[in-house]
Undergrad: 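Have a look at this one before I ask anything.
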Amino acid sequence: QSDGVAAKKNLPPAVPHTVPLLGNAVPYGMAPVEFLQDCMKKYGDCFTFIMMGRKMTFCLGPDGNHFVFNVKLANAIAEGAYDKLTVPVFGTEVVYDVQNAVFMEQKKFVKDALTTTAFKSYVPILTQEATDFFREWADEGSRFDLFPQMSELTIRTASHCLMGKEIREQLHSNVAKLYHDLDQGFQPINVFFKWLPLPAYFARDKAHKIMTDTFLKILENRRAKSDFDNKDVLQSLMDSEYRDGSKMSDQAIAHMMIAALMAGQHTSSTTVSWVIFELANNPHVIVDLLKEQAEVLTGDATTPPHQLPALSYDALRNLPLLEAVLKETLRLHPPIHTVMRLVVKDIEYKGYTIPAGHFLCGSQAVSQMDPVRFPNPKKFDPTRFLNSDEGNGEWTINGVDIAQKSARSNFLPFGAGRHRCIGEAFAYVQIKTIIALFLREFEVDLMRDAKGERIFPAMDYTSLIVMPKKPAYIQYKRRKEFRK
Ligand code: HEM
């Protein structure tokens with residue numbers, strides 16, 4: 001239905017702009033949280049603005065989260081908002097290239113591989129990967145660009161655990177470069193200029209083809225060698241059947257693997273980096289985290305870091321402060337700050353009509369900075385999450401219906417409802433292992449300015465996932481007991 005018809009109805013307030021078409025793309029693109037907070041003050045928690053000719057209607061706060069994450073499929077769809085960006089990167093037959101009901105089944109196939117038994121087997125792998133990786137660093141570093149390092153580590157750990165041993169074996173040769181080329185195609189700008197003959201798009205398409213062929217070859221080899229005992233996502237996709245008894249095509253399996261790799265990579269690596277920046281800015285929390293590890297793993301809070309025993313999945317689940325640090329970091333730096341759906345049928349919200357053709361948007365980044373729910377919201381204070389179940393989303397797995405029980409919450413870094421993240425539990429295991437081991441081995445600090453003040457990196461909103469603005473340095477020193 002066009003806005004012409006809807007104009008007779010009560011549309012949400014419109015945020016003014018001066019440049020037609022471009023609209024408010026610049027203030028939103030540069031500092032989305034501040035821009036949305038400012039709009040909320042002026043227009044309330046539901047308003048519309050123009051961005052590159054698109055009408056973006058935001059519903060903010062816990063009510064807005066609930067509405068956006070639980071909107072009915074008949075009214076608004078994620079694929080209408082995300083397909084232009086994701087289909088060229090992930091490929092066809094999966095995710096936003098298929099009906100949502102099919103994608104829900106594909107999500108379940110991935111989730112089926114992410115079991116407690118699998119996680120238990122991942123912790124030693126994650127430990128080995130992180131330990132080997134830290135060995136490659138010099139004993140001391142200053143002006144150390146943290147994010148690219150953490151990206152490298154995450155691609156090693158995630159590919160080793162999820163993608164399959166064959167991919168991890170090939171990582172040094174080409175997978176990291178392929179990932180980089182695919183990633184170049186994953187910029188918000190591509191939604192608007194997908195017809196441009198940019199070199200980045202050719203590189204993306206070439207990388208997509210090589211990556212797909214790599215997975216196809218692995219599938220062929222596994223079948224030829226009857227190598228079916230793998231506990232990875234790839235195997236789960238190979239073994240699973242849709243409800244109608246059909247299986248995913250090999251092409252679709254390959255594309256789903258690319259999608260899982262892309263979904264987990266920047267989200268996890270940026271979170272690991274932000275945890276380290278926040279801790280470097282709050283050294284007293286590092287002291288408490290090391291005490292917590294010592295207490296839980298040895299029963300003696302004074303056990304020094306180099307004498308701590310190996311981590312296990314059960315031990316990681318028993319470190320409440322570490323968990324709280326992770327949640328507080330995700331509150332302040334959610335990798336995905338806005339979620340979007342395309343409205344396909346007019347919908348009513350708080351007395352307004354949101355017409356078909358609008359993009360319906362929610363922002364966890366805004367609700368997570370709500371001063372009523374989180375007093376002094378800019379302060380890093382992990383104790384907010386101690387003794388709290390907030391953010392421990394319960395899953396209702398009813399057939400293929402995967403959804404969080406309630407989404408009327410301020411804290412939703414992994415989303416909610418049918419599009420909720422399936423990688424949360426893996427991300428927690430991965431990030432906790434990396435951080436716990438990093439803190440044992442290194443002392444860390446932020447760089448200082450001329451006045452001796454710590455320099456905390458700014459947030460970079462220009463790419464799809466919020467990252468630390470480059471260059472984002474730390475300084476670190478390996479503890480003497482760990483020195484090479
Ligand atoms: C969905 C965040 C890691 C796979 C989502 C959504 C969010 C999110 C906010 C909802 C998007 C929406 O509603 O539009 C995160 C964060 C992560 C993380 C913060 C790490 C710190 C991962 C990992 C994987 C993954 C490791 C893969 C193993 C997915 C998938 C979806 C999803 C498949 C479903 C998309 C949909 O249904 O439309 N994630 N994610 N994520 N995530 Fe994650």
Side-chain angles (χ1 to χ4, degrees), residues 65 67-71 73 76-83 85-86 90 94-114 118-119 122 126 150 154-155 157-159 161-163 232-234 236-237 255-275 326-327 329-342 359-365 367-368 391 393 400-404 407 409 411-432 434-435 464-467:
N65 286 343
F67 182 66
V68 175
F69 283 120
N70 291 303
V71 69
L73 270 184
I77 52 172
E79 51 271 34
Y82 298 149
D83 61 343
L85 191 66
T86 53
F90 302 165
V94 295
V95 190
Y96 305 120
D97 187 51
V98 290
Q99 294 269 319
N100 184 260
V102 177
F103 176 38
M104 287 298 114
E105 291 200 61
Q106 295 173 345
K107 272 176 88 168
K108 185 172 180 298
F109 299 160
V110 177
K111 185 105 183 44
D112 282 348
L114 303 175
F119 290 151
Y122 291 164
L126 293 165
M150 289 309 163
T154 329
I155 203 165
T157 49
S159 61
C161 296
L162 305 180
M163 303 290 130
D232 51 36
V233 173
L234 183 63
S236 176
L237 295 177
H255 292 170
M256 195 63 199
M257 294 303 293
I258 297 176
L261 183 69
M262 301 302 292
Q265 175 58 22
H266 280 332
T267 43
S268 301
S269 54
T270 193
T271 306
V272 175
S273 306
W274 285 119
V275 171
L326 186 46
K327 285 183 178 170
T329 305
L330 286 165
R331 182 184 73 78
L332 287 164
H333 311 279
I336 297 177
H337 63 79
T338 293
V339 297
M340 262 190 257
R341 314 284 182 249
L342 174 67
F359 287 87
L360 173 68
C361 307
S363 175
Q364 320 86 298
S367 63
Q368 291 177 182
V400 292
D401 176 19
I402 298 176
Q404 198 182 26
S409 165
F411 182 70
L412 294 168
F414 295 92
R418 68 175 54 249
H419 290 286
R420 192 182 197 285
C421 186
I422 47 168
E424 173 176 0
F426 175 72
Y428 267 60
V429 175
Q430 171 169 254
I431 297 168
K432 282 182 184 172
I434 293 174
I435 297 297
L464 211 61
I465 305 289
V466 186
M467 297 176 192

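Counting convention: from 1, in listed order, for ligands and their atoms alike.
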Undergrad: Using a heavy-atom cut-off of under 4.0 Å, does the side chain or the backbone of Gln430 touch ligand 1, or both, or neither?
TA: neither

Undergrad: Got Gln265 and Ile155 here, is their nearest side-chain heavy-atom distance under 4.5 Å?
TA: yes

Undergrad: Is the contact between Arg341 and ligand 1 made by the side chain, the backbone, both, or neither, using heavy atoms and a 4.0 Å cut-off?
TA: side chain

Undergrad: For atom 27 (C) of ligand 1, which protein heavy atom lies nearest, and how many Å away is it?
TA: Ala260 O, 3.8 Å

Undergrad: Mind checking whether Met340 contacts ligand 1 via backbone (N, CA, C, O), side chain (CB onward), both or neither, at a 4.0 Å heavy-atom cut-off?
TA: neither

Undergrad: Holding to side chain to side chain contact (heavy atoms under 4.5 Å, CB included), I want the full list of residues that pass it with Thr267, two or more places apart in sequence or in another chain.
TA: Pro335, Ile336, Ile465

Undergrad: Any atoms of ligand 1 less than 4.0 Å from a non-hydrogen atom of Gln364? List them with their elements.
TA: 9 (C)

Undergrad: Can you report which non-hydrogen protein atom sits closest to atom 14 (O) of ligand 1, along with the distance?
TA: Tyr82 OH, 2.7 Å

Undergrad: Less than 4.5 Å apart, side chain to side chain, heavy atoms only: is that true for Tyr82 and Phe90?
TA: no

Undergrad: For residues Met256 and Val110, determine if any side-chain heavy atom of one lies less than 4.5 Å from a side-chain heavy atom of the other.
TA: yes

Undergrad: What atoms of ligand 1 come closer than 4.0 angstrom to any heavy atom of Pro335?
TA: 19 (C)

Undergrad: Which ligand 1 atoms are under 4.0 Å away from a heavy-atom of Phe69?
TA: 13 (O)

Undergrad: Hey, does Ala78 sit under 4.0 Å from ligand 1 if you only count heavy atoms?
TA: no

Undergrad: Taking atom OG1 of Thr271 and atom CG of Leu330, what is their separation to the nearest 0.5 Å?
TA: 5.0 Å

Undergrad: Could you list the residues that satisfy salt bridge (Lys or Arg N to Asp or Glu O under 4.0 Å) with Arg341, not counting sequence neighbours?
TA: none

Undergrad: Which residue owns the protein heavy atom closest to atom 2 (C) of ligand 1, what's the atom, and how far is it?
TA: Pro413 O, 3.5 Å

Undergrad: Could you name all protein N, O or S atoms found under 2.8 Å from atom 43 (Fe) of ligand 1?
TA: Cys421 SG

Undergrad: Do Ile434 and Leu126 come within less than 4.5 Å of each other through their side chains, counting heavy atoms only?
TA: no

Undergrad: Among all protein non-hydrogen atoms, which one is nearest to atom 37 (O) of ligand 1, and what is the separation to 0.1 Å?
TA: Lys107 NZ, 2.8 Å

Undergrad: What pairs of donor and acceptor atoms, side-chain ones from residues 95-103 against any protein atom, are under 3.5 angstrom apart with sequence neighbours left out?
TA:
residue, atom, partner, partner atom, Å
Asp97, OD2, Glu93, N, 2.8
Asn100, OD1, Arg418, NH1, 2.8

Undergrad: Just by modelled atom types, is the Thr338 backbone N or O under 3.5 Å from a matching donor or acceptor in the Ser363 side chain?
TA: no

Undergrad: If you define the side chain from C-beta out and look only at heavy atoms, does anything of Leu162 sit under 4.5 Å from Leu261?
TA: no

Undergrad: Could you check atom 10 (C) of ligand 1 against the protein and tell me its nearest heavy-atom contact, residue, atom and distance included?
TA: His419 O, 3.4 Å

Undergrad: Consider every N or O of Thr271 and every N or O of ligand 1, then say whether any pair is closer than 3.5 Å.
TA: no

Undergrad: Is a side-chain N or O of Asn65 found less than 3.5 angstrom from the main chain of Ser409, in a donor-acceptor match?
TA: yes

Undergrad: If you define the side chain from C-beta out and look only at heavy atoms, does anything of Gln364 sit under 4.5 Å from Val339?
TA: yes

Undergrad: Starting from atom 35 (C) of ligand 1, find the nearest protein heavy-atom neighbour and note its residue, name and distance.
TA: Tyr96 OH, 3.4 Å

Undergrad: Is there a side-chain contact between Met150 and Trp274, using heavy atoms and a 4.5 Å cut-off?
TA: no

